[in-house]
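Since the structure comes first, as structure tokens, the remarks are kept for the end.
In this text, all values refer to a predicted model and were calculated from it rather than measured experimentally.
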Amino acid sequence: MVPVFKIDFDVCSFFIYIFAIYTFFLKKDMRGAQNLLLLGLLLNGLIAVIADVSSALMLRNMERCPLVLVELANYVYFVFEYMVPATFAAYVLFLTGVRRKYGKLFFILFFLPVVAELLLIITNSFTHAVWYYTDSLVFAYGPLRMVLIGVSIAYELASLYFLVRYKRGIPANQYPPLVSFVIIGVMAICHQALRPQFLIMLFTQSLVYLFLLVTIENEDELINAETGIYNRHHFIQRTRKLLNIQTPYSLLIVKFTNRKYFMSVLGENFMQEVMASIARYLVKQVGDRRRVFYCENGNFAIIFEKEHSNDLKPLMDGLYNTFAKDWVHKDIGVAFKVQLCVVDVPLEIGTLEGLLTLLDSSGEGMHERVTIVRDDLLKYMQRQSAIETAIGRALENNAFEVYYQPIWDRKANKIRSAEALVRLNDPDLGAIPPSEFIPVAERSGAITAIGEFVFKQACDLISRQSVRTIGIDFIEVNLSAVQCMHKNLPAVFQGALEHYSIASSSINLEITESSAVNSTETFAEIMQDLHNIGFAFSLDDFGADHGEASFLFNMDFNIIKLDKSVLWKAEQNAAARIFLQNTVRMIKEMNLKIVVEGIETEAQKDFVASLGCDYCQGYYFSKPLPKEEFLEYCRKFNWNFD
């Protein structure tokens, strides 16, 4: 026999449901299957609350209420309340993306218990298995009510399992409270089973659904303000979900590679309007705004799951024809260069990092108005993605190595210095040449950490007393233009000098000619700060582009390193030979030291020595060597010429 029901929690949940449903309908874009399941949960809960409160009040006044109305309220309550856990489980299957992973048989078996529940409730007037009335018309629970409780707990635990098993499909900041709410929901069901007079189940469920509405279903955070469609954050969230459940799909990336140029010409506001108009066009062509994402910087992504695979080729053809002509907005034609790239996930790229690398790649080198990425370009992009992963792995495992290429001093006929060169040998990709991984590291920002690693390794080497003993005066360390954008670089380098107790004169910093030519105000400030610490500078790759040399007058270099191409061309071409001779004379008259790179033969060494060059570097002396091999080489070379 059951005491009088306490309806306080139900009354509170009634207002929560009303508020949540009102909020839901204010959000006009919430019309997807997952959104509608949440609406179903809210309506289920509201109807169950109304029926529960009505039933409880009528049970208090059985002598004045027709039994048929009490029974109707009970039927409505039990049907709608005990459908909620199964509906919530269905919502979780959508939320985590698991619904795409299993076939029809799974769903038939999964929802079979709730069908049995409904049959049990519907037939209760004949069986009295769930509830009944005593001879004195007192409400009582039947012997199989605990079966309903057990099935409800089972669905809640199933929801919890899928949340834990496929948690990568849920935003990290929303996952812990969501799991906590589900656990609290299980506890509430158990509490009401043991103390049925406290109607607490629907209250806890209303809190869970309100949480879902204002967090996971809050699409305001998922919309890009510039275009009005889903943003990069939601693309990442959706991609994680699909990769997590290993669902094959195709991804179409649409890149407007010269967007920045038109932004500088036509203005940022105008280009925002253009991107918004293109977004509307893409949504219209796709027919489903939930599959189209704007991932910033003129890059769109469109997802084609299995059921939409036949739409991909017609869309590609339409986009090709559309963007082969100017995109017209407010009577202004914009001649975009567009790159269309299709990737089969996970067959061709199976990681989020790889897809983002492909998405963020510049698309440079395009000559046609519209370029469809072919296998060779896709393989190149995949290679770039794999290299970026290898860089991250190497930084995490401290797996980079520093090699040293000896630099010969002409006057002393000794090895006096060396250039520190970073090497990457990945367990999956093998040896990756610097010409491949350095540009990738610069684009990703990892070059800063790599540069600090190389600098500290060079400091460690030059701090050894044995290095000075064999005649090494300083080490050349390359400085990336990206590093020079970080204002804390001078402090980091000075800290390393102090840690290894070496003078700044022990390290010579190399800056490429292209970095010097394209230097910014920040770059110049950082160079000045490093110069104030006491660092000397070398200008690397001088003459590679034969650009203007006016920057030589504005930056304080000690050493000019002539690019190997200057020497090699001088051997083949009389004009190039004159250029080399005059360049050396000019640099010498400026009282700067000269290093010639690319020395591979004795004849080359003798030629540049006859011109008065101070240092030589190249395979004639040695290839870059690991630290201990480099020290042994210098020891033998310098002692042999004592």
Legend entry - Asp311 side chain reached by Val286 side chain, heavy atoms, under 4.5 Å: no
Legend entry - Over all atoms of both residues, closest heavy-atom pair of Met271 and Glu226: O-OE2, 4.2 Å
Inset, instruction - Would you give the length of the straight line joining atom CD1 of Ile50 to atom CG of Asp10, rounded to the nearest 0.5 angstrom? - result: 10.5 Å
Legend entry - CG on Leu38 to OG1 on Thr87, rounded to 0.5 Å: 11.0 Å
Inset, instruction - Output yes when a side-chain donor or acceptor of Asn299 lies under 3.5 Å from a complementary backbone atom of Cys295, and no otherwise. - result: no
Inset, instruction - Flag the pair Phe453 / Leu395 as yes when at least one side-chain heavy-atom distance between them is below 4.5 Å, and no otherwise. - result: no
Inset, instruction - Determine whether more than 12 heavy atoms belonging to other residues, nucleotides or ligands lie under 6.0 Å from atom CD of Gln272. - result: yes
Inset, instruction - Mind listing the closest non-hydrogen atom pair of Leu37 and Phe94 along with its distance? - result: CD1-CD1, 3.3 Å
Inset, instruction - Look at the side chain of Ser55 and the backbone N and O of Asp52, then say whether any donor-acceptor pair between them is shorter than 3.5 Å. - result: no
Legend entry - Salt bridge Glu81-Arg145, side-chain N to carboxylate O under 4.0 Å: no
Inset, instruction - Look at the side chain of Gln237 and the backbone N and O of His233, then say whether any donor-acceptor pair between them is shorter than 3.5 Å. - result: no
Legend entry - Donor-acceptor side-chain pairing of Thr227 and Asn224 below 3.5 angstrom: yes
Legend entry - Donor-acceptor pair, side chain of Asn124 and main chain of Ala129, under 3.5 angstrom: yes
Inset, instruction - Enter the distance from Ile189:CD1 to Ile184:CD1 here, rounded to the nearest 0.5 Å. - result: 12.5 Å
Inset, instruction - Kindly indicate whether the side chain of Met316, heavy atoms from C-beta on, has any atom under 4.5 Å from the side chain of Ile372. - result: yes
Inset, instruction - Scan side-chain atoms only and decide if Tyr82 and Asn44 contain a donor-acceptor pair under the 3.5 Å cut-off. - result: no
Legend entry - Minimum side-chain heavy-atom gap Lys313-Val342 below 4.5 Å: no
Inset, instruction - Take Leu212 and Leu178, measure what side chain to side chain contact (heavy atoms under 4.5 Å, CB included) needs, and give me the verdict at the end. - result: CA-CA 8 Å; Leu212 293 175; Leu178 180 57; 3.5 Å; yes
Inset, instruction - Using a 4.5 Å cut-off on heavy atoms from C-beta on, say whether the side chain of Ile391 contacts that of Ile387. - result: yes
Inset, instruction - Would you please say whether a donor-acceptor pair under 3.5 Å links the side chains of Trp327 and Thr322? - result: no
Legend entry - Heavy-atom closest pair, residues Leu202 and Gly45: CD2-O, 4.2 Å
Inset, instruction - Using atom types as modelled and distance alone, determine if a side-chain donor or acceptor of Asn231 lies under 3.5 Å from a backbone N or O of His234. - result: yes
Legend entry - Atom CZ of Phe107 with >12 non-hydrogen neighbours under 6.0 angstrom: yes
Legend entry - Side-chain touch Leu243/Val345, heavy atoms, less than 4.5 angstrom: yes
Legend entry - Whether Lys255 side chain and Gly298 backbone form a donor-acceptor pair below 3.5 Å: no
Inset, instruction - Hey, can you tell me if Phe78 and Trp131 have their rings parallel, tilted or perpendicular (30° and 60° cut-offs)? - result: parallel
Inset, instruction - Keeping the roles fixed (side chain from Tyr75, backbone from Ser125), state whether a donor-acceptor pair exists under 3.5 Å. - result: yes
Inset, instruction - Find out whether the Lys NZ or Arg CZ of Arg291 is both under 6.0 angstrom from the six-membered ring centre of Phe304 and within 45° of the ring's axis. - result: yes
Legend entry - Close side-chain approach of Val84 to Tyr155, heavy-atom, < 4.5 Å: no
Legend entry - Non-hydrogen atoms of Gly430 and Asn425 that approach each other most closely: C-OD1, 3.2 Å
Legend entry - Qualifying residue for side chain to side chain contact (heavy atoms under 4.5 Å, CB included) with Ser13, from Phe9, Tyr17, Phe15: Tyr17
Inset, instruction - To the nearest 0.5 angstrom, please state how far the OH atom of Tyr141 sits from the CG atom of Leu148. - result: 10.5 Å
Inset, instruction - For Asn397 and Arg393, indicate whether the former's side chain and the latter's backbone hold a donor-acceptor pair under 3.5 Å. - result: yes
Inset, instruction - Name the orientation class of the two ring planes belonging to Phe235 and Phe293 (parallel below 30°, tilted from 30 to 60°, perpendicular beyond 60°). - result: perpendicular
Legend entry - Nearest-0.5 Å distance, CD1 of residue Ile278 to CZ of residue Arg280: 10.0 Å
Legend entry - Exercise: identify the closest heavy-atom pair between Lys167 and Asn244: N-ND2, 4.2 Å
Inset, instruction - Going by the ring pair (Phe, Tyr, Trp, His ring centres under 6.0 Å) test, name the single residue among Tyr294, Tyr230, Phe323, Phe336 that passes it with Phe300. - result: Tyr294
Legend entry - Considering all heavy atoms, the nearest Phe203-Cys12 contact: CE1-CB, 3.8 Å
Legend entry - Check against side chain to side chain contact (heavy atoms under 4.5 Å, CB included), Leu95 and Tyr166: CA-CA 10 Å; Leu95 178 64; Tyr166 300 99; over 6 Å; no
Legend entry - Separation between CZ of Phe437 and CD1 of Ile447, rounded to the nearest 0.5 Å: 7.5 Å
Inset, instruction - Let me see the working for Leu429 and Arg383 under side chain to side chain contact (heavy atoms under 4.5 Å, CB included), right down to the final yes or no. - result: CA-CA 9 Å; Leu429 302 180; Arg383 171 74 175 176; 4.1 Å; yes
Inset, instruction - Please assess Phe88 against Val208 for the test side chain to side chain contact (heavy atoms under 4.5 Å, CB included), listing each intermediate value before the final yes or no. - result: CA-CA 10 Å; Phe88 180 73; Val208 173; 4.0 Å; yes
Legend entry - Close side-chain approach of Thr96 to Val92, heavy-atom, < 4.5 Å: yes
